[in-house]
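Below is one structure; the comments refer to it alone.
Heavy atoms only: backbone and side chains are in, while hydrogens, waters and symmetry mates are out. Bear in mind that the values here come from a model prediction, so they are computed numbers and not experimental data. Just so we're on the same page: letters track the sequence lines, and every chain starts at 1.
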Amino acid sequence: METRHIGRAVTRNEDARLLAGRALFVDDVELPGMLHAAFLRSPHAHAEIRSVDVAAARARPGVVAVVTAEDLGAYWKPGPLLVPPPPIPGVVFRQRCQVPLARGVVRHVGEPVAMVVAESRYIAEDALADIVVDYAPLPAVGDLEAALAPGAPRVHADLPDNIAAEVRQAKGDYAAARARAAHLVRRRFRYDRGASIPMETRGIVAAWDAKADRLTVWDTTQAPVVIRNGLAAMLGLAESQVRVVAPFIGGGFGPKIMMFYPEEMLVPWAALRLGRPVKWIEDRLEHFFATTHERGQIHEAELALDAEGRILGVRDEFLMDTGAYDPYGLTVPLNSQCTLLNCYDIPAYESRFRAVFTNRTLVSPYRGAGRQHGIFVIERLLDAAARELGLDRVEIRRRNLIPPDRFPYRNEIIYQDFAPLTYDSGDYAALLDKALAAIRYERFLSEEQPRARAEGRHLGLGIVCYVEGTGIGPYEGAKVRVQPSGKVTLATGIGTQGQGHFTVLAQVVAEQLGVDVRDVEVTTGDTDQFDWGVGTFASRGAVVAGAATHEAAAAVRAKVLKAAAEHFECAEADLVLADGKVSIAGVPERAITLGELARLANPLRGAVKPGTEPGLEATRYFGPEMGATAAGVHAMVIEVDAETLRPTIHRYVVVHDCGTVLNPLILAGQIQGGVAQGIGNAFFERLVWSEDGQLLNASLADYLLPTSLDVPRMELHHTVTPSPLNPLGTKGAGEAGAIPVGALFAQAIEDALDLPSRGIEIAEIPLSPSRLWEIVHGGG
Amino acid sequence: MKPAPFEWHAPDSVEAALALKAAHGDDARFLAGGQSLVPAMNFRIAQPAVLVDLNRAPGLGTIAQDAEGALRIGAMARNARIERDATARGSHPILAEALHEVAHPQIRNRGTLGGNLAHADPASEMPAVMLALGARFLLRSLRGAREVPAEEFFLGPLATALGPDEMLAEIRLPPLPPRTGTAFLEVARRRGDYAMMGVAAVVTLDADGRCTHARIACCSAGPTPMAAPLAAAALEGSRLEEADIAGAAALVRQEVDPMGSVHASPAYQRHLAGVVAARALRLAKARAA
Amino acid sequence: MSARVAVTVSVNGTTHRREVEPRLLLSDFLRHELGLTGTHVGCEHGVCGACTIRLDGAPVRSCLMFAVQADGHAIATVEGLAPAPGRLSVLQEAFRDAHALQCGYCTPGILMTVSAFLEETPDPTEEEVRHALSGNLCRCTGYQHIVDAVLLAARRLREG
Ligand SMILES: Cc1cc2nc3c(=O)[nH]c(=O)nc-3n(C[C@H](O)[C@H](O)[C@H](O)COP(=O)(O)OP(=O)(O)OC[C@H]3O[C@@H](n4cnc5c(N)ncnc54)[C@H](O)[C@@H]3O)c2cc1C
Ligand code: FES
Ligand code: FES
């Protein structure tokens, strides 16, 4: 396809505003008479609330309201279930959703117990200290396996145990595969909790306009339309009475989509009740307890192979920590379950997971969203199998890749979007070959590593494959309109948190309408501009909203050509649409600008002909029948200081296939950012809990995000197998960078320190020098 | 994360600052660079009723060599300035070497050496450096002034010999003898983090390469900065050969008493103490020669 | 509660006078008293660097100072970087050209850190740039494009 804008490394439309410090973030909203909220949060992981005394707080000068569960009346009810359980036979799902303010019992540290609204945030925090809560601590559930032991304390006393969900899925006949196997590899793996930690915490400003009878809410959400609809329902307002704006958002990565965070229910309620605007900005300390986490899983997995190292089947059984409530349903464990199959032709699969309630912060998807666990398990199993069978780690992977002629490849089990897991297109061997060349695999093994070893240096290589189900439904929409100024506006319902939608979607519009990318003004996340949509998650923004944008822009293009043909009394085929105007082919002086056409299409006199609409505008929706599957290979060379166990990454290679590339510059940024988070997850970031459920490192000084010195320069390569599932051929790329990094670190560090020769394997993430030292010295 | 209210004073002389501290005692805290105190106040871990801001009191920020060749550093000298100060770099290069590991440039632009030492975080680099250099601290109050050696100043985590009315006014570092090499090395999770283990080493050699004097001190190694006198004593008289260094490193491992953290187990820290001590000693030896 | 204190500061060349509570953080003062919301707040404990401003030229954390301490000092914030409204400085342009920002939340603090760094180190190596950036966290970019942008800006500034 010959393109003008799609595929170009266009710099971003949104940057000038951001660079000048003029972009509006939620905390930048200042309104006259605005009040400030702060939340009293549980200091206990699990406790009975005997009483809450707010009298002193209410009496403090500057305090306007103090709200407890009792004060909420009928407004107090558990939040809705965001994602219902999938239609899988035999699925068990126990819905226990979070409540706006705890009543009777608190189930995790940081659960809100009371809200203070005051003239300033400073005063609101002063008043928190005035509130007296009588807690009777209860035993807390932390460890996943202990949570399932008979007699374990229960997170929800009305349930018989701590099981939140149980799902079995199977493909083929694993028992038969196992019986035929020449070789079995069985391992146990552990992944620990981490957090997404966007640089901007969450925040909400709500303002009730009594004259217009309208509520406006600025929210750091990734799903403004869904929040608007839910808020309207909860507050008893018409949807048209509520406007939710997700302005510039300082990073999301998943946890900024929830329905609802307690504060998201309470701040608008307070604004309505008090008749004054109310702002709540989560502080970093709150963020560690109040914004969702992810990652805690324990797997017991078995790989059955034939004598040549071909996979006959996999069985996996895992526990997943869902935290104290489960409003986000089963997205994360389903992703783990499905992604474990990776890019391999696996004829038989048997998987069971149980989601477990714990007295910890809630779990919801965070970039990768369970996929890295699946990848970690299968890639680690293959590494072990290669060793045991005496095969090269690349060779065992190559033997099992799904060949290019097998697409669409059906995995038979159900994915997070409830559609059967099907890979739309791909060429996995091409990815692997490119990665091997880029990391100089053969030379590393034959020269670099032996030379380093001879010098007493510990160099290791990692190479790992992954897939990523992206761009899932149900749908997104887009409205494109040519303005009389000649500029084009585009509105969609997704929120944007830095993914470059203002530019990428503008490119898609510009492609169709022949205008400058800078002349396309994109609005995302304002329900007054567009109020149908689902949200930005699962690497779907650019794919699904991009496809809707493409269709809407194509429809406007048709209108433009039709109007111009009428204007010039010529055939549409004779028209050229470029540089913001329509001209007659070969007669460039006979031209009309898009702006003029837009004015003509909206006349003030005469009649708009029956069967036509005024203006040059179109709205289209796109709903893919299933997700598009991106894939890739990461490889790295690492050096480990054998005394301190500190690694240094020497080379990092990413080869990635996300179908048609809309903007390579922005894609590179997405991948690099994903890898950085993957590195954090693999080696720096770990939430550490005490026995009684206290989080011990709730600060950025102790929860370690990688810095500019911890993330290496990355070398990016692409292959392109367009997706047949959408008109642009795109697949999502938002999460890919983060998915394989844990498996990559494990393999590379094992290799560097030659651990397997000493009978040591790495079976857990995150690692740290201290933990590695324990593993190497048998404290494993 | 907003601080609780407090009464703020920014006296324009050291005497006025001392008078305020004497008047308010433990209810008042000096505010130096604020890089430890303000975060603690934002978390409301610290809620001082009175802040005595030293930033307007003149005379506390000088860096100069005295007649005996000792380096005198005013408590309010900013870390970034000490790091760049030609006199300090010349007389005690280990200061800049260690300060480079203390947080980030933006923090060092505000943070002061006095504040860092008075804060007495056992994970902090500079207290260990002070032990290794045999520093003496000048403490002042309205009652007068006294000099306290570094080893008597640090009493426990965030605990010092400072009385409720006392200010750490000046840090005095004796000159380093000829043929003295110093080194500070640490292992931290990331640049700028408090170390999981850090070692300051000072060795002095005689004309034929024999060690006449050694001092070793570690951070993140116990409730206070931890000196390793046995290891240092073992090195004296030796030629700092690999075997000597290995022996000393083994003693350092025994002399430290690491408490562990979310980043490192005590066993790993103890292991690191030996590793880092050996590396620091090798470097110090090379620099002494 | 303690009495309000008068503060006079120059921010980006403009003098402001306010009466504030001593406990008001400088970051809150800039953002909510002066309406200069370009300076961001990501942690309020000195780690993330989003709030970095320049105080008498030196980059410092505005979340670790009280506004009253800035009395009589000159402050520079991201709003003062551009040479004129609607234009960008060489550094800002390099950030756009190299795609050095995604959500843009960390960006103002990084720009303030780097603007000082490039004055001191006009011809930096990649290693030096990475060191200079290490006190500013970015969760989106993986830093590579930020490093590229700083090197690009340095080159353009040197070449005039
Ligand atoms: C992100 C970050 C990372 C950091 N990393 C490190 C690190 O790796 N290593 C490290 O060592 N430090 C680190 N620090 C702390 C930093 O070095 C502080 O600057 C230092 O510990 C305190 O110095 P200050 O001048 O800021 O003191 P302040 O914070 O002002 O004061 C600290 C304490 O000392 C008292 N005090 C201050 N001056 C005096 C005085 N003259 N007499 C008596 N009492 C006084 C105060 O009342 C207060 O109790 C870090 C800080 C931050 C924010
Ligand atoms: S907000 Fe100041 S450093 Fe994070
Ligand atoms: S661009 Fe989002 S934190 Fe840096």
Side-chain angles (χ1 to χ4, degrees), chain A residues 36 38 62 118 120-129 201 281-288 641-646 679-680 683-690 694-711 766 768-779, chain B residues 1-6 35-36 38-45 47 100-107 121 123-124 185-199 220 246 249 253 258 260-280 282:
Chain A
H36 298 264
S120 81
R121 174 69 181 236
Y122 289 73
I123 297 171
E125 290 190 20
D126 294 343
L128 295 181
T201 55
I281 300 298
E282 182 183 56
D283 65 34
R284 187 53 74 184
L285 181 61
E286 293 182 282
H287 180 82
F288 274 101
D641 179 326
E643 286 187 319
T644 65
L645 281 312
R646 275 183 58 105
I679 289 173
F683 208 77
F684 291 94
E685 300 176 36
R686 177 167 181 212
L687 294 166
V688 184
W689 308 81
S690 69
Q694 296 291 335
L695 182 55
L696 300 178
N697 57 340
S699 88
L700 288 185
D702 281 327
Y703 185 85
L704 308 177
L705 304 186
T707 73
S708 51
L709 290 165
D710 305 310
V711 182
S768 67
S770 181
R771 181 65 195 134
L772 269 177
W773 188 79
E774 282 166 12
I775 293 171
V776 170
H777 291 86
Chain B
M1 287 184 53
K2 308 296 183 191
F6 54 82
Q35 305 299 292
S36 292
V38 180
M41 290 174 68
N42 289 355
F43 278 113
R44 296 200 180 206
I45 297 166
Q47 301 195 14
H100 190 61
E101 308 290 339
V102 175
H104 307 281
Q106 300 95 327
I107 311 285
D121 188 322
S124 177
L185 285 180
E186 71 175 39
V187 177
R189 292 287 341 246
R190 306 170 302 183
R191 146 134 332 246
D193 286 336
Y194 285 99
M196 295 187 285
M197 180 55 59
V199 177
S220 283
R253 248 196 301 272
S261 71
V262 292
H263 308 301
S265 67
Y268 173 65
Q269 284 184 300
R270 195 180 285 281
H271 158 78
L272 280 184
V275 171
V276 182
R279 292 179 183 184
R282 274 181 218 125

Exercise for review: Among the options B:Asn42, B:Val262, B:Asp193, pick out the one with the most heavy-atom pairs lying under 4.5 Å from chain A.
Suggested key: B:Val262

Point to revise | Interface residue of largest heavy-atom contact number with chain A, from B:Gly192, B:Ala267, B:Ala4, under 4.5 Å | key: B:Ala267

Review point. Pick from A:Asn697, A:Leu645, A:Leu696, A:Thr644: which one has the most heavy-atom pairs with chain B under 4.5 Å?
Key: A:Thr644

Distance-minimising heavy-atom pair for [X] and [Y]:
X	Y	result
B:His271	A:Glu643	NE2-O, 2.6 Å
B:Arg44	A:Glu125	NH2-CB, 3.4 Å
B:Ala264	A:Ser770	CA-OG, 3.4 Å

Exercise for review: Could you tell me the separation between the CZ atom of A:Arg121 and the CE atom of B:Met1, rounded to the nearest 0.5 Å?
Suggested key: 10.0 Å

Point to revise | Reported NE2-to-NZ distance for the pair A:His36 and B:Lys2, which is rounded to 0.5 angstrom | key: 9.5 Å

Review point. Which bit of B:Ala188 comes within less than 4.5 Å of chain A, counting heavy atoms only: side chain, backbone, both or neither?
Key: backbone

Review point. Does any heavy atom of chain A fall under 4.5 Å from the side chain of B:Pro3, the backbone, both, or neither of them?
Key: both

Exercise for review: Check whether any side-chain N or O of B:His263 sits under 3.5 Å from a backbone N or O of A:Pro769 as a donor-acceptor pair, and report yes or no.
Suggested key: no

Review point. By side-chain contact (heavy atoms from CB on, under 4.5 Å), which residues pair with A:Ser699, not counting sequence neighbours?
Key: A:Ala701, A:Asp702, B:Phe43, C:His45

Check your understanding: Among all residues two or more places apart in sequence or in another chain, which pass the side-chain contact (heavy atoms from CB on, under 4.5 Å) test with A:Thr707?
Key -> A:Leu709, A:Asp710, B:Arg190, C:Ser134, C:Leu137

